[in-house]
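Okay, structure first, notes after.
Computed from a prediction, not measured in an experiment: that's the story for all the values here. In each ligand, atom 1 is the first atom listed, and ligand 1 is the first ligand listed.
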Amino acid sequence: MYNTKAYSAASATSPLSSTTIARRDPTEHDVQIEILFCGVCHSDVHSVRNEWSSIMPTVYPIVPGHEMVGRVTKVGSAVSKYKPGDLAAVGCMVDSDGTCPQCKAGFEQFCPSLTLTYNSPDKHKTAPVTYGGYSNSIVVDESFVLRVPDHLDLAGVAPLLCAGITTYSPLRHWGVTKGKKVGVVGLGGLGHMGVKFAHAFGAHVVVFTTSPNKKEDALRLGADEVVVSRNTDEMQKHAGSFDFILDTVSANHDINAYLNLLTRDGNITLVGAPENPLDVSAFSLIMGRRSLSGSNIGGIEETQEMLDFCGKHNITADVEVIPIQKVNEAYERLLKSDVKYRFCIDMASLKSE
Ligand code: NAP
Ligand code: ZN
């Protein structure tokens, strides 16, 4: 074992602060990575504050962070895909059983024994639970390490590992292509990636935002139209017209207002994961045979496909790079929808702590 610096929270009401954590020495299949950038996902906020206590209670101390990009510093003897000096990335998962039907089909994210990057029981017993990317170094099985296109801005790449794949996967699954009318609800970290991908796939993209000041940015990011969702008249103009809507909202909101915008057989996929259940009117679904579904990140193979797609099309997240000392402030700003459009921590700032 070796020690590395990290930021952790001691309880649901404590701020994140500097600490030292232990990591395992790389075993034969492991890759050790120096983390250069780590994105700040709203899931980090939900987890640190134990807002998902009924589904995934938080074990403290928690070290969040699941959007990492960095450089390989050491590899185990059986590692074939990486060598020291390579760029490498890690997302929301660090292990799974590899044998269940979900893993075999490339859907590790649905494996019943999935190990999430943070707050999952640590199989290696280095700590009670896994510790995430708000840290200078991490050790991960090579099967859960991703290759990074080397011409992209690394701070903008880090958020692809969660915000990127979480939006890419459902847009692909639901056949978003040219000729489809697609809505993206919420222009935050996930939402702005959803807009970039839906635009790249050729769809007609409409952004729904509660923040009128994001209108111009939405158009620049690839939206064809922008609707301020608090304006009922503007919403009503789109009634019954969408093939697909991706809902990325992190807080409670009226899902029926969006279901009613779907055409026959249209679908809304939830990727946002608010703390409390949403109310769904049966009539919003019955009328038009509409459906409501969900999606959880994406499998490793699809994550690599997404990164390669981003390399080919020069897609990265729009980031506000922050030193780790500003992370508590960044959480407060996320709660006010004040991010353009992903905070990304420059991990060099942790070295001086
Ligand atoms: P974020 O950057 O904070 O963006 C969320 C956006 O939702 C805000 O920018 C805001 O957009 C909108 N919003 C916030 N509060 C709202 C309210 N009360 N009513 C209506 N709209 C509101 O968060 P994120 O990192 O993109 O994450 C979004 C959600 O996805 C979180 O719940 C997160 O945990 C979840 N998530 C799920 C997965 C998965 O695999 N399913 C993966 C990652 C994250 P506007 O200003 O444009 O209205
Ligand atoms: Zn995330």
Side-chain angles (χ1 to χ4, degrees), residues 38-52 55-56 58 64-68 90-93 107-110 114 116-119 132-134 158-171 173 183-196 206-218 221 223 226-231 235 246-255 257-258 269-276 278 293-299 302-303 306 317-320 330-344:
C38 184
V40 177
C41 180
H42 207 115
S43 301
D44 301 346
V45 183
H46 291 306
S47 301
V48 165
R49 302 191 175 183
N50 204 11
E51 289 172 357
W52 293 335
I55 315 280
M56 288 188 259
T58 302
H66 57 207
E67 295 186 333
M68 282 162 259
V90 178
C92 303
M93 314 180 280
F107 296 111
E108 296 89 351
Q109 73 272 34
F110 305 127
L114 177 68
L116 291 166
T117 303
Y118 60 82
N119 198 40
Y134 294 7
L160 301 177
L161 277 297
C162 175
I165 184 60
T166 302
T167 50
Y168 181 94
S169 183
L171 290 169
H173 176 74
V184 175
V185 189
L187 197 66
L190 266 58
H192 95 292
M193 288 312 307
V195 172
K196 289 189 185 204
V206 182
V207 164
F208 294 94
T209 180
T210 58
S211 311
N213 64 347
K214 293 182 185 172
K215 245 180 167 172
E216 268 178 38
D217 280 346
L221 292 164
V226 186
V227 172
V228 175
S229 52
R230 295 202 163 115
N231 182 328
M235 292 285 279
L246 186 66
D247 184 332
T248 76
V249 176
S250 52
N252 276 15
H253 58 292
D254 178 15
I255 190 75
Y258 295 99
T269 291
L270 294 178
V271 285
E275 178 176 4
N276 297 310
L278 299 171
S293 62
S295 190
N296 184 32
I297 45 177
E302 195 176 36
T303 305
M306 178 274 309
D318 285 27
V319 287
E320 179 176 336
Y331 278 24
E332 291 307 317
R333 285 180 55 194
L334 274 185
L335 295 174
K336 292 187 230 146
S337 304
D338 175 20
V339 56
K340 289 184 173 179
Y341 279 87
R342 193 60 140 187
F343 292 113
C344 187

Problem - Residue pair L334, F343: steps toward the side-chain contact (heavy atoms from CB on, under 4.5 Å) verdict - result: CA-CA 9 Å; L334 274 185; F343 292 113; 4.2 Å; yes

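Screening R342, K196, K340, K214 for a salt bridge (Lys or Arg N to Asp or Glu O under 4.0 Å) with D318, the sole residue that qualifies is K196.
The immediate protein surroundings of ligand 1, defined as residues with any heavy atom under 4.0 Å of it, consist of C41, H42, S43, H46, W52, C162, T166, G186, L187, G188, G189, L190, T209, T210, S211, K214, T248, V249, S250, A251, N252, V271, G272, A273, S295, N296, I297, L334, S337, V339, R342.
Among the atoms of C162, an N, O or S atom is found under 2.8 Å from the Zn ion (ligand 2). For a distance bound of 2.8 Å, the N, O or S atoms of C92 include none lying that close to the Zn ion (ligand 2).
Here CE of M93 is found 10.0 Å from CG of L161. Values are rounded to the nearest 0.5 Å. With values rounded to the nearest 0.5 angstrom, Y118 atom OH is found 3.5 Å from D44 atom CG.
With a 6.0 Å radius and a threshold of 12 heavy atoms from other residues, nucleotides or ligands, F107 has its CZ atom at or below the threshold.
S47 and T58 form no side-chain donor-acceptor contact under 3.5 Å, judged by distance and modelled atom types alone. In the model, D217 has no side-chain atom that pairs as donor or acceptor with a side-chain atom of H192 under 3.5 Å.
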